[in-house]
Amino acid sequence: MAKKPLISIIIFPGSNCDRDLIVAIKKTLNVETNIIWHNEKIIPKSDIIFIPGGFSYGDYLRAGILATKSPAIKEVIRWSKKGVRVIGICNGFQILTECKLLPGTLTKNINPSFLCKDIYLKLNKNNKLIKNISKEKLKLPIAHSQGCFYCEEEQLKLLQDNNQIAFQYCDVNGNINKDNNPNGSLLNIAGVTNLKQNILGMMPHPERAIDLQGLSDGKFFFEVLKQL
Amino acid sequence: MKTKITENLIKSHNLSKDEYKLILKILKREPNLLELGIFSVMWSEHCSYKSTKKWLKQLPTKAEWVICGPGENAGIIDIGDNDAIVFKMESHNHPSFIEPYQGAATGVGGILRDIFTMGARPIANINSLRFGDPKNSKTKHLLNGVVSGIGDYGNCIGVPTVGGECFFHKSYNHNILVNAMTVGLVKKEKIFYSSAKGIGFPIIYVGGKTGRDGIHGATMASAEFDEKNKDKRPQVQVGDPFKEKLLLEACLELMSSDAIVAIQDMGAAGLTSSSFEMASKGNCGIELELDKVPQRETKMEPYEIMLSETQERMLMIINPNFKEKTAKVFKKWGLEFSEIGKITDTGIMKIYFKGELKATLPIKPLADAAPEYDRPRTKTLKKKEKTLKDFKTINLKQALIKIMSSPNQSSKEWVFNQYDRSVMGDTVADSQKSDSAIIRIHNTNKAVAITCDCNPLYCNSDPYRGALLAVTETWRNLCASGAMPMAITDNLNFGNPEKREIMFEIVESIKGISEACKKLKYPVVSGNVSLYNETEGKSIYPTPVIGGVGLIKNYKNFGRINLKKNKTIFLIGKTYGHMNQSVYEKEIMEVERGKPPKVDFKEEIKNGLFIRKLIEKNLLEGCHDISDGGLVVCLSEMVINSNIGMEIKVPKTSLSFEEWLFSEDQSRYVIVPKNNEEIEYLASIENISINKLGKAGGKKLIIKNCLEIAIKDLIDINNKWFYDYLS
Amino acid sequence: MKFRVYVSFKEGVLDPEAEAIKKTLDTCGFTEIRKLSRGKFFDIDIKDKCKNKEDIVKKISDEVLSNPIIENFKIEKL
Amino acid sequence: MKFRVYVSFKEGVLDPEAEAIKKTLDTCGFTEIRKLSRGKFFDIDIKDKCKNKEDIVKKISDEVLSNPIIENFKIEKL
Ligand SMILES: Nc1ncnc2c1ncn2[C@@H]1O[C@H](COP(=O)(O)OP(=O)(O)O)[C@@H](O)[C@H]1O
Ligand SMILES: [Mg+2]
């Protein structure tokens, strides 16, 4: 992107990481975010559309489902088909799977209570969307109770074969194993893209880790967006 | 169908005979049932503070930086640059015992509303919890429910829950404590108050529809309701954090205009106390039309509408020029709202229902006549206690293991991992990383430090000193985080004030808080009182929980519970070996005896200011105050947090190893300087007691000639209890 | 032997979740719904050899599966 | 007209909450239970005047009330 990218963010009733995301984008990319209220019927052509974390509609019924009924989501679907990049974080990821823009689903954590902690993420350097992040691993916070990624076996195979698995939970040395799977996700999956790799969903929160002591890897995530 | 006001009815409304006589005098006639209900809640302990008002007045509440002290929905302090911090603590003890999940959740919801009612955006929650003996059959269920209730509510609304306390003791077997505190941020010129203004201005109700939630049980049992509507039993309050989030955003959006003249949340006693207090503060009258109150259930009576405690509701007085704007904002956020009345100049509250006048109450006389008691009190009858020194010695390593794996000293990871601590992106440190939680003031370099504390064993042994120590402990926590302590909120949890010994505890505690606050120039700006925490004559230990708030100039320089390899470890402050009421005596000797430790305020202030200065100048790698469990617990926590070991030598002293390691003398800190000479020099010129303890490094906590334990073992021991207990 | 236990809210208890679902359905065009309420069910298979099966299911429903303060339950033999 | 929609997990999908309940029951002595599974139900009242009531309920169940990747639903007329 030569000139400043146009970044839109959709806010639903109950979203609560919208401000954090807007601030993170401003701090890392020096861009003002274009705010879209959930019932707007038109989203202007954007370079990236973000769906923030939080509890859209209180996460009632199940996380993400009620938000998929908003008018703005129809626009997200339309733009995503045209190749516009769409990134959903946490609740945004849940919304993207619920409206089937991303494969699989996010179910209750294996230990069914809410879990907030800092985790490490291993990056898939063969995934188009994130491969230019200048780090092997990111340390980011997670905070969710429905983050266990699940899909059917054939689908999982496809995700692997097509490099759609963008992030996996790992330990401080980058090892992926059961002990550092915080929520029971298949293959420690923390983030996936669609087949075309223009839509990304992830459970961890890069926007909360911009400039705090010991927690600033989120900036690597945002900075790479400049290069898209 | 006029209900006769019988003696029983009066009694079931918790009104004494004298109080009823006063009602007759004020009204110059008999009240009807609705009016009786209103009197009963307005004069309840909860709303009128009738047992404690006399004493609360003695609390020091002023300082140049105090913008608003007790009396409003929350206290407010000035942190410079036009920013102000709004905070308060509130209890939801009884509802949480009945239904832990909803009770705790709605407790959080209630305190959040108190904060945003004043125009502030909530930026952090903390909580102080007391449960019964873990072996008690109900404890596990209560712990599970309360923690997930607190977590789910705060997580959903998107305010980080960054710290707190969780303490077990059998005195809470039948009365748990759930005290929640919220801290908010507001621009000084955008503070909203509850005092009504504007004759003729409309009163707007917004938020959840009114149901029969939480209507006083005893009152509902009264004759008329019992026979006619068997299914109209009182209901538990259920929290709706999603609605609260909408309410929060809508209120803050509307507050950015000049629409709102006055605003008040509907908390305890719902519409009654909110409307009454607004009118009373503004010296005006009020007219309500109850048909216009949005209702969730059918056939609700005026009595029920006025006394309902449905959550997530607000009352506001609107400048009529902004009616449209107001409607627009509430519609945007999908909130139910309704104009339910207006402000008048009559000084009278008039309540209409279906066109009929149902209640007429003079506001000022009712408020002014609210009872205020000086209840009799006597010193608790306990055996004369003096300091006892004959403690049992056992293997020191075994003692440490037992203490670090005890429910009260165990890592609370199981608890705080259920709380979203990082939302809002300004959590510099939760209370695991520093002695208080540290929240950056958005878009600035400043931060607030927040902590809460109370040691019930200290308070039970000596309510005066115990309360005083709770205040100093929060002050020390703030200093150890590098913050300038500014003000406190308090939550006074006690048994039945009509008992002389309990009243004695209450008064002594308030005196203890006052004394500490005066000495530390650390005023009380808000608080809450929760009485009658007793079952079958057994009262809880006196538990005056203190919530402290301080200011950090530069969020990058804060005190970390941390070690650094090869750096020297120092002890600040004097060790006298006070063991009574300590964790050691409780856990190892299984006794609670003697007096809690003393505080020398000169020493306390000197050490606290010294520590803060070191942190502000970024001269420390790590810092931790010494509290429950003494020096060795403090050192263990530093080892666990940093995953770095240490080797310590006990200095030559007349104290035994036990006293040296486990005593709970006050005003002490452990620090890890970047540069030893500099710190030693600064300490010498300020006449600070400083002792070299040893060095950080290695994979073990080694205290020469006393004990040795691998970090890994220490971590396992410390983590084990909660997971074993709950799985 | 199999039982199904239905757990639902008592009359008058606020159910924010049902309210939010109903509202969403309204706004996305399912305006035909007059009322929506919500509950949970549990299918329990009890070992054949054990006596008083029904009492056991009742006890479990009361003590574990439902929250008697806000919920009712009903047991059905399958 | 009233309908009840049952939503339950597909065969083979892990339900950690049901597992947790089963475990709790085991530890508090209810060892007679062979199996416990869990589901949700929704009671939906559709306005009388509206046509294709069942289709509407089906649509809502499929699009909103259940998650087709892990859940099945069944509709019952009440
Ligand atoms: N123990 C206390 N110390 C200081 N202030 C107190 C104390 N208890 C209550 N207050 C003050 O009295 C007022 C009324 O408190 P409360 O009834 O809890 O308010 P609300 O109805 O808004 O929750 C508040 O301003 C509160 O800060
Ligand atoms: Mg209030």
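Residue numbers start from 1 in every chain, and the chains themselves are labelled A, B, ... in the order their sequence lines are given, proteins ahead of strands.
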Legend entry - Nearest-0.5 Å distance that lies between atom CG in A:N111 and atom CD in D:E17: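 CD of D:E17 is found 10.5 Å from CG of A:N111.
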
Heavy atoms from other residues, nucleotides or ligands near [atom1] of [X] exceed 12 (cutoff 6.0 Å):
X	atom1	value
D:K47	NZ	yes
A:K196	NZ	yes
A:K157	NZ	no

[X] versus chain D, the contacting section by heavy-atom distance below 4.5 Å:
X	value
A:L61	both
A:Q155	neither
A:T107	side chain

Inset, instruction - Please list all pairs passing the ring-ring contact (aromatic ring centres under 6.0 Å, His included) test where one or both residues lie in residues 30-53 of chain D, with sequence neighbours left out. - result: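 Checked against ring-ring contact (aromatic ring centres under 6.0 Å, His included) - neighbours excluded - the pairs reaching residues 30-53 of chain D are C:Y6-D:F41.
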
Inset, instruction - Select all residues of residues 54-78 of chain D having any heavy atom within less than 4.5 Å of some heavy atom of chain A, and report them by number, or 'none'. - result: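 When heavy atoms of chain A are the reference, residues 54-78 of chain D contributes D:E63, D:V64, D:L65, D:S66, D:N67, D:P68, D:I69, D:I70, D:E71 within the under-4.5 Å range.
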
